[in-house]
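Treat the numbers as computed from the prediction; the structure is a model and nothing was measured. In what follows, chains are A, B, ... by sequence order, proteins preceding strands, each numbered from 1.
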Number of protein chains: 2
Amino acid sequence: MKSLEPIGKKEKLYVKIAQQINNAIESDMYKPGDKLPTERELASQLNVSRASIREALAVLEIMNVIDVKVGDGSYVKQRTSNFQFETKDSSVFELIEVRMYIESVIVKLAIERATEQNIKAIEATNEGLRQTIKNQERIDDFFRYGVAFHKKLAEATQNDVLIQIANSLFEQDAHPLWRHLNMKVLLSYEAREHQLHEHEGILAAIKTKDQKKAEELMKHHIEHLKNMFYE
Amino acid sequence: MKSLEPIGKKEKLYVKIAQQINNAIESDMYKPGDKLPTERELASQLNVSRASIREALAVLEIMNVIDVKVGDGSYVKQRTSNFQFETKDSSVFELIEVRMYIESVIVKLAIERATEQNIKAIEATNEGLRQTIKNQERIDDFFRYGVAFHKKLAEATQNDVLIQIANSLFEQDAHPLWRHLNMKVLLSYEAREHQLHEHEGILAAIKTKDQKKAEELMKHHIEHLKNMFYE
DNA sequence: TGTTAAAATTGGTCAGGCAACTAGATTACT
DNA sequence: AGTAATCTAGTTGCCTGACCAATTTTAACA
């Protein structure tokens with residue numbers, strides 16, 4: 001005998017029901033906060049007994065998908081699915097302080113994990129800076145490349161959570177810190193040269209895997225941003 | 001043979017039943033491969049209906065604790081290191097890795113800046129944990145207090161940016177890490193006790209401003225969460 | 001002894017019932 | 001009018017008893 005494989009292992013009914021309800025939720029048929037049909041209604045709709053529905057709901061409740069309230073009904077739980085946050089009204093100091101810590105971690109992990117492609121991507125941002133300085137191109141581009149450097153650095157950590165956090169930090173266009181730095185850089189040729197120089201130094205340290213130096217350079221870099229802001 | 005104990009109050013019946021059976025398994029009353037009493041027997045022993053027993057067994061089966069075979073019985077599963085829910089293990093690792101770094105910073109800053117109110121707020125979350133353990137209240141509350149501890153700790157840094165980052169990390173209800181931890185804590189009394197104990201230790205270290213110890217305890221705490229997930 | 005068939009056991013599902021609870025409408029009171 | 005207490009319809013929580021389907025055990029038989 002060849003195929004003794006259990007071909008279609010029958011799913012238990014409560015599992016099928018749980019899957020179906022879960023699919024309905026994931027496909028936005030029911031959104032967070034929505035009330036599911038009553039147990040009796042579900043039973044009638046799916047042509048099963050209320051007992052089976054309850055077994056399925058118990059599972060979904062344990063899995064934190066729904067919230068079953070006695071005497072009321074079952075509600076789809078709220079689920080936050082990304083690591084975005086806002087920094088609108090937070091102070092410049094706070095933002096810089098956090099960057100100091102986060103980028104320190106990023107540098108450390110980037111040194112451990114950066115791929116050849118990561119390095120190339122980071123290098124490209126520095127090349128971008130160089131070009132915009134040389135050709136006196138639009139300051140917007142300069143600033144974009146500057147931010148891209150830090151983003152690409154974050155990507156080199158290979159940690160999506162960290163990448164998302166970093167991006168959130170860097171994408172606060174409206175934040176006074178960025179506005180201000182943008183202006184400073186706009187006005188000062190020297191500031192642009194300086195920033196490029198610092199980026200190049202950090203990248204060089206990462207390439208040689210000199211963690212201590214890389215972290216120190218990053219620290220100085222951010223310290224410098226801070227001074228730029230307060231001067 | 002020692003029989004399972006009757007039921008208390010408050011938490012939903014099927015949850016209590018699942019807890020009891022799980023505890024019986026974790027305390028080696030039933031070892032991997034062992035056959036549990038029949039549903040009818042469990043119902044009679046626990047003085048509950050078979051329907052409630054089945055809801056509990058459904059949960060335990062989904063959580064990969066037992067294996068329910070039709071016409072045969074329920075068997076305790078081998079405790080292996082595979083997760084039952086299809087989930088990129090990388091995602092969990094990444095979240096834990098980031099928490100490790102972020103919470104380390106949080107502890108450091110909290111020690112420097114926590115106000116009397118901050119400390120009180122953190123203490124309150126521990127008191128909440130204590131109460132829910134004592135009164136066998138709904139596990140949702142326990143989990144909420146557990147998260148609140150880390151949130152209040154973040155608030156003690158007085159850095160809004162950091163607070164928001166921390167919140168974004170802790171509010172991932174749908175993330176497999178939280179789902180899984182929620183379930184573990186739900187079933188295991190010991191896990192709850194352990195968590196409270198660790199939180200108390202961290203708070204104590206912060207109060208005495210013992211930075212080194214606090215950071216180490218936090219590290220162990222998160223390491224422990226990690227083990228809980230992978231065990 | 002080995003095979004087969006019947007019986008007992010066990011989980012799977014169902015229908016229905018009452019109690020406990022919640023939210024919303026209604027009523028009573030100030 | 002505004003507020004508090006009360007009622008009511010609807011929902012979940014839990015239980016009971018029954019029957020079905022898969023599996024194991026037992027018994028009968030060749």
Open item on the list: Taking 4.0 Å as the cut-off, does a side-chain nitrogen or oxygen of A:Ser49 come that near to OP1 or OP2 on C:dC14?
Closed with: yes
TODO: Return the value, rounded to whole Å, for the distance between atom NZ of B:Lys16 and atom C1' of D:dG13.
DONE: 12 Å
TODO: Start with the C-alpha distance between B:Arg130 and B:Tyr145, add both sets of side-chain angles, then the distance that settles side chain to side chain contact (heavy atoms under 4.5 Å, CB included), and finish with yes or no.
DONE: CA-CA 10 Å; B:Arg130 226 170 278 127; B:Tyr145 283 122; over 6 Å; no
Task: Given DNA chain C, 5'-ward residue of the pair B:Ala51 and B:Thr38, judged by closest heavy atom - done: B:Thr38
TODO: Mind telling me whether B:His199 and B:Phe149 have parallel, tilted or perpendicular rings, with 30° and 60° as the class edges?
DONE: parallel
Open item on the list: Just the rounded figure in Å: distance from P of C:dC14 to CD1 of A:Ile53.
Closed with: 9 Å
- [ ] Between A:Ser52 and B:Val68, just flag the one whose closest nucleotide in DNA chain C comes earlier from the 5' side.
- [x] B:Val68
- [ ] Determine the contact category for A:Leu13: base if any of its heavy atoms lies under 4.0 Å from a base atom, sugar-phosphate if only primed atoms, P, OP1 or OP2 are that close, otherwise nothing.
- [x] sugar-phosphate
- [ ] Return no unless some side-chain N or O of B:Lys12 is found under 4.0 Å from OP1 or OP2 of D:dG13.
- [x] yes
Task: B:Glu223/B:Lys226 salt bridge by N-O under 4.0 Å criterion - done: yes
- [ ] Grab the CG-P distance between A:Leu46 and C:dC14 for me, whole Å please.
- [x] 10 Å
Task: A:Arg54 side-chain N/O to D:dG13 phosphate OP1/OP2 under 4.0 Å - done: yes
Open item on the list: What is the separation between atom CD on B:Glu61 and atom C1' on C:dG11, rounded to the nearest whole Å?
Closed with: 11 Å
- [ ] Answer yes when B:Arg54 and B:Glu39 have at least one side-chain N-carboxylate O distance shorter than 4.0 Å, and no when they do not.
- [x] yes
- [ ] Check if the side chain of A:Arg50 and the base of C:dG17 share a donor-acceptor pair of N or O atoms closer than 3.5 Å.
- [x] yes
Task: Rounded distance in Å - CD (B:Glu39) to P (C:dG11) - done: 5 Å
Task: Separation of D:dT25 C1' from B:Lys35 NZ (nearest whole Å) - done: 11 Å
Open item on the list: Tell me the interatomic distance from A:Tyr75, atom OH, to C:dA23, atom P, rounded to whole angstroms.
Closed with: 7 Å
Task: Whole angstrom value for the distance that separates P of C:dA15 from CG of A:Asn47 - done: 9 Å
Open item on the list: For B:His221 and B:His150, I'd like to know if the aromatic rings sit close, meaning centre-to-centre distance below 6.0 Å.
Closed with: yes
Task: C:dG11 base / B:Arg40 side chain donor-acceptor hit below 3.5 Å - done: yes
